[in-house]
Amino acid sequence: MSGMDGSGVPETAGVEAASSSDARGDNRHMPSEDCVAGINSALQHPTVRFLREQMEKAGCPVLPRMIRAMNCMSTNHNGSYGSGLGITVCCDHMRSQDEINQLLIHELIHAYDDCVVKNMDWKNCAHHACSEIRANHLSGDCHYKRELLRGFMKIKGHEQECVKRRALMSVKNNPYCSGTAAKDAVESVWDICYNDTRPFDRVP
């Protein structure tokens, strides 16, 4: 996976903000070399480019080497962002270019939050919940077409339910947040974080 191995990124211990994987019956995924090519292609996606530009303006440039392609052998997430570690794309969960694009957008929103939020603490359930709400809302992860593909058929009110469901799944994976603590954290920060569209002027 040449050029995408994260070399040069300082490793720090900490909680990763992982993109949740809803259960799917199809286990097919793309070969590793296609995944790496997909990541390189995703770096040219307009929203990915915008987020990287905003990160650079905030003093936290995201270099290509900070994005790692690997087989994660995990059943509960597609990728992750770790403070000081960068972004991991789980190639064994990727099936299309669209999924790679979405994952990078999602994780770059976590990276943006880590950059601009004062005293960001991923071990704090409320901090983590806020970033998960924003990432799921602003990335387009909960567009109704994606929800239909996941088997969630509700149309009215689907987007907020999806954002809340996926944020809760991710925060529950935080070893510092029990199921009850994760649910309380999502509820406590919901209004302010769902309506926070930074760095976008409005929801893309």
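Numbers here simply count residues along the sequence, with the first being 1.
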If the condition is side chain to side chain contact (heavy atoms under 4.5 Å, CB included), which residues does [X] pass it with, not counting sequence neighbours?
X    : value
S188 : none
A126 : N124, V189
S178 : T180, A181

Below 3.5 Å, can you tabulate the donor-acceptor pairs from side chains in residues 43-63 to any protein atom, sequence neighbours excluded?
unit_1, atom_1, unit_2, atom_2, d
H45, ND1, T47, N, 3.1
R52, NE, V62, O, 3.2
R52, NH2, V62, O, 3.0

Can you see which heavy atom on [X] is nearest to which on [Y], and at what distance?
X    : Y    : result
C193 : I133 : C-CG2, 4.0 Å
N71  : S32  : ND2-OG, 3.9 Å
I39  : A69  : CD1-CB, 3.5 Å
A129 : V171 : CA-CG2, 3.6 Å

Compute whether any side-chain donor of one residue and acceptor of the other, for [X] and [Y], lie under 3.5 angstrom apart.
X    : Y    : value
N101 : Q97  : yes
E99  : N78  : no
H128 : E132 : yes
S96  : D98  : no

Counterpart residues, side-chain hydrogen bond (donor to acceptor under 3.5 Å, both in side chains), relative to D114 (two or more places apart)
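Only Y81, S83, W122 meet the side-chain hydrogen bond (donor to acceptor under 3.5 Å, both in side chains) criterion with D114.
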
Name all residues meeting the side-chain hydrogen bond (donor to acceptor under 3.5 Å, both in side chains) criterion together with S131; count only those two or more places apart in sequence or in a different chain, and write none if there are none.
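So S131 forms a side-chain hydrogen bond (donor to acceptor under 3.5 Å, both in side chains) with H110, D113.
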
R166 and C142, any side-chain heavy atoms less than 4.5 Å apart
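Yes - at least one pair of side-chain heavy atoms lies under 4.5 Å apart.
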
With a 4.5 Å limit on heavy-atom distance, are the side chains of C72 and D92 in contact?
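Counting from C-beta outward, C72 and D92 do come under 4.5 Å.
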
Rounded to the nearest 0.5 Å, how far does [atom2] of [Y] lie from [atom1] of [X]?
X    : Y    : atom1 : atom2 : result
C177 : L168 : SG    : CG    : 10.5 Å
H93  : C91  : NE2   : SG    : 10.5 Å
K123 : M120 : NZ    : CE    : 13.5 Å

For H137, ring-ring contact (aromatic ring centres under 6.0 Å, His included) partners two or more places apart
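Expected list: Y194.
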
Testing N173, L103, T88, L85 for side chain to side chain contact (heavy atoms under 4.5 Å, CB included) with S80, which one passes?
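The passing option is T88.
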
Just to verify, which of I105, T197, L138 counts as forming a side chain to side chain contact (heavy atoms under 4.5 Å, CB included) with P204?
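Between P204 and the candidates, side chain to side chain contact (heavy atoms under 4.5 Å, CB included) is satisfied uniquely by L138.
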
Tell me the salt bridge (Lys or Arg N to Asp or Glu O under 4.0 Å) pairs involving residues 180-190, sequence neighbours left out?
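Counting only pairs at least two positions apart or across chains, the salt bridge (Lys or Arg N to Asp or Glu O under 4.0 Å) contacts touching residues 180-190 are K164-E187.
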
Listing request: all salt bridge (Lys or Arg N to Asp or Glu O under 4.0 Å) pairs with a residue in residues 194-204, at least two apart in sequence or in separate chains.
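Only R134-D196, D196-R198 qualify under salt bridge (Lys or Arg N to Asp or Glu O under 4.0 Å).
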
So, [X] side chain and [Y] main chain: donor-acceptor pair closer than 3.5 Å or not?
X    : Y    : answer
H127 : D121 : yes
N136 : D141 : no
S41  : A37  : no

